[in-house]
Protein chains: 2
Amino acid sequence: MSKRMPPLTALRAFETAARHMSFQNAAAELNVTPAALSFQIKSLEEHLGAPLFVRGNRSVRLTEAGRVLAPGTKDGFEALGAAWRAAYRVNDHASLTVTAGPAFTATWLAPRLYSFARAHPDIELRLSAGLGLVDLTRTEVDVAIRFGYGPDPPELYSEKLLDDWVTPMMTPEMARRHPTRASLSTAPLIHQEDIDFLDPPCDWPAWFRAAGLAPRDWTGQRFSQADHAIDATLSGAGVVLARVSFATRFLAEGRLVAPFRPALRTLAHYRFLCARGSETRPQIAAFRHWLVEQVAQAADHESDHDLIDPHDVHIT
Amino acid sequence: MSKRMPPLTALRAFETAARHMSFQNAAAELNVTPAALSFQIKSLEEHLGAPLFVRGNRSVRLTEAGRVLAPGTKDGFEALGAAWRAAYRVNDHASLTVTAGPAFTATWLAPRLYSFARAHPDIELRLSAGLGLVDLTRTEVDVAIRFGYGPDPPELYSEKLLDDWVTPMMTPEMARRHPTRASLSTAPLIHQEDIDFLDPPCDWPAWFRAAGLAPRDWTGQRFSQADHAIDATLSGAGVVLARVSFATRFLAEGRLVAPFRPALRTLAHYRFLCARGSETRPQIAAFRHWLVEQVAQAADHESDHDLIDPHDVHIT
DNA sequence: CATTTCGGTTAAGTATCACTTGAGTGAAGG
DNA sequence: CCTTCACTCAAGTGATACTTAACCGAAATG
């Protein structure tokens with residue numbers, strides 16, 4: 001009959017029993033005798049002042065109160081278990097889990113994995129591709145690489161990795177029809193709106209201004225998602241002002257070309273993120289160091305083939 | 001050095017210590033001596049194989065591992081505590097927490113609260129206005145009243161409360177300028193798009209068809225949110241086809257009028273929801289019964305002043 | 001600079017509680 | 001009808017969580 005927390009072992013006994021819907025199996029899982037488990041449940045029910053299970057003769061059913069208690073206890077013990085495993089992994093200097101967006105993982109990270117494995121053969125690197133914003137202080141992910149801008153969250157260690165740029169892209173076929181920068185004045189434009197919120201804006205009017213071309217009509221298809229805009233471009237619908245990082249794959253395959261300067265630097269960039277304090281853990285430090293190295297190499301490489309012109313840019 | 005779960009009491013000791021950042025205070029909270037707490041933490045660290053606190057001489061700091069473990073254990077014990085309190089409340093037949101949307105709470109529920117208090121003076125009714133979809137099986141909310149359509153979630157008990165209707169509404173001034181149904185053919189229309197997904201559709205074309213009026217051009221302002229559309233209507237921008245439940249307040253105040261039939265019934269409706277099984281708990285049953293009663297009375301009342309014409313409707 | 005104070009630690013002793021054993025119960029199932 | 005199975009009960013035991021009391025070292029105090 002107490003509102004105070006019951007003994008935790010009794011709660012765990014209940015959680016296990018509710019999960020198995022059997023005292024027998026629950027007792028087996030906890031490595032105790034059924035009698036012990038029965039007693040624990042009973043003491044919990046005394047604490048609560050009401051039964052949690054209806055004892056059928058060869059089975060048990062949850063009561064209303066039991067049904068309310070079960071999901072919460074399950075959540076609770078799962079959280080505790082996850083936390084414990086996460087803490088345990090801190091001492092494990094042999095593995096490292098990194099999450100990044102699918103595009104970045106596939107086009108940037110995966111091809112370089114062998115290089116990392118060679119440099120750090122003792123570290124097992126696990127990749128987790130996904131856009132969901134994982135909570136680095138609460139999950140088993142050590143490092144996140146995310147694209148974004150704005151102030152760094154204070155509870156995280158953050159380091160800028162890569163700038164990103166937007167530049168006109170089109171199919172080679174489209175490029176033949178519009179061989180000069182000026183000919184873009186008549187090309188069908190594809191607008192991708194999820195980068196418009198950036199400041200300075202990285203949209204077509206901004207690019208025309210930066211290119212020294214006269215403003216034109218800004219009609220054309222508008223997409224709110226980058227991959228849709230690139231899909232449309234791939235199908236020959238027009239010329240898109242796309243983020244280089246999203247399109248590297250298609251540029252490399254020759255399905256898209258980016259013949260015209262300037263490229264506009266977006267304010268947003270790729271960032272290395274980990275829980276503040278964990279940047280000194282050996283595997284994380286090693287990975288960060290390696291990443292920065294790779295970024296530097298890649299930058300050299302890219303300025304070679306003149307895809308991007310860093311000098312031409314920076315509208316304010 | 002074990003990956004197995006540590007003793008739960010030790011985990012709780014750690015959680016409390018991490019929250020207070022002081023063994024002394026943590027011991028006080030748990031009603032034990034500092035020595036006991038110190039020992040618990042020590043045993044936990046042995047289990048983990050690494051220290052969780054750095055012992056400064058008059059203070060403690062978390063280690064890396066401690067920083068990883070702390071938030072998860074906090075979450076876990078909070079979940080357990082919430083679950084326990086929720087289970088405890090099941091036996092508490094004296095209070096009842098209900099969540100509903102802000103509009104429904106303000107215009108429908110709140111004015112009738114006194115009636116409920118008179119009918120059930122022993123039940124303390126708590127209201128929680130908000131649109132967030134609370135999880136009735138995991139939180140301390142007993143009952144939700146939500147607007148929606150589609151199949152009922154299987155883990156919930158669900159009962160239809162109120163149909164909703166859409167009918168043309170405008171300011172009295174606008175109604176003077178458009179005194180007949182037919183005159184709506186030239187009135188400025190306001191479109192509210194969040195009800196279009198309903199099947200059968202409840203948009204202006206459907207209403208004109210149901211009214212036996214000729215189709216017209218469907219230009220006019222379009223809003224994705226109902227309150228914006230009603231705001232525009234209130235400012236005299238045109239005639240809106242709005243859900244009655246959203247506008248009752250303005251209709252009652254005379255700021256809007258709804259002179260023209262028919263009213264179209266939407267497929268969506270207000271529903272009473274609670275965790276399956278808990279519909280038999282006395283306060284919940286009492287509240288449900290009272291709600292149904294109130295709904296019946298309101299229906300009588302509304303058909304009085306001829307706001308809605310249930311016979312005229314049902315396009316398929 | 002000595003002294004106090006405070007927060008944490010250690011070690012030994014103790015009370016509690018979680019568990020086991022073994023017998024018991026009542027209904028489902030052959 | 002008798003067996004079996006899942007849970008319960010009571011008594012005894014062992015682990016564990018806790019207390020007491022002494023100890024330690026740095027920060028605060030005079």
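With 3.5 Å as the limit, one finds a donor-acceptor pair spanning the side chains of S115(B) and W290(B). T99(B) and R146(B) are linked by a side-chain donor-acceptor pair at a separation below 3.5 angstrom, with hydrogens and angles left out of the test.
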Base-contact (B) and sugar-phosphate-only (S) positions in nucleotides 8-13 of chain C, heavy-atom cut-off under 4.0 Å, - elsewhere: SSB---
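Atoms CD and OG1, from E140(A) and T97(A) in turn, are 7.5 Å apart once rounded to the nearest 0.5 Å.
For E45(B) and K42(B), the salt-bridge test fails: no basic side-chain N is under 4.0 Å from an acidic carboxylate O.
Note: Y270(B) and F104(B) meet the aromatic proximity criterion, with ring centroids under 6.0 Å apart. Residues F116(A) and F287(A) bring their aromatic ring centres within 6.0 Å.
Residues S43(A) and A10(A) share a closest heavy-atom pair of OG-CB, 4.1 Å.
Residue I41(A) contributes atom CD1, which lies 13 Å from atom P of dA18(C) at whole-angstrom precision.
Running 5' to 3' along DNA chain D, contacts with non-hydrogen atoms of chain B at under 4.0 Å begin and end at dA17(D) to dA27(D).
T33(A) comes within 4.0 angstrom of a base, heavy atoms only.
A heavy-atom distance below 4.5 Å is found between the side chains of L80(A) and L11(B).
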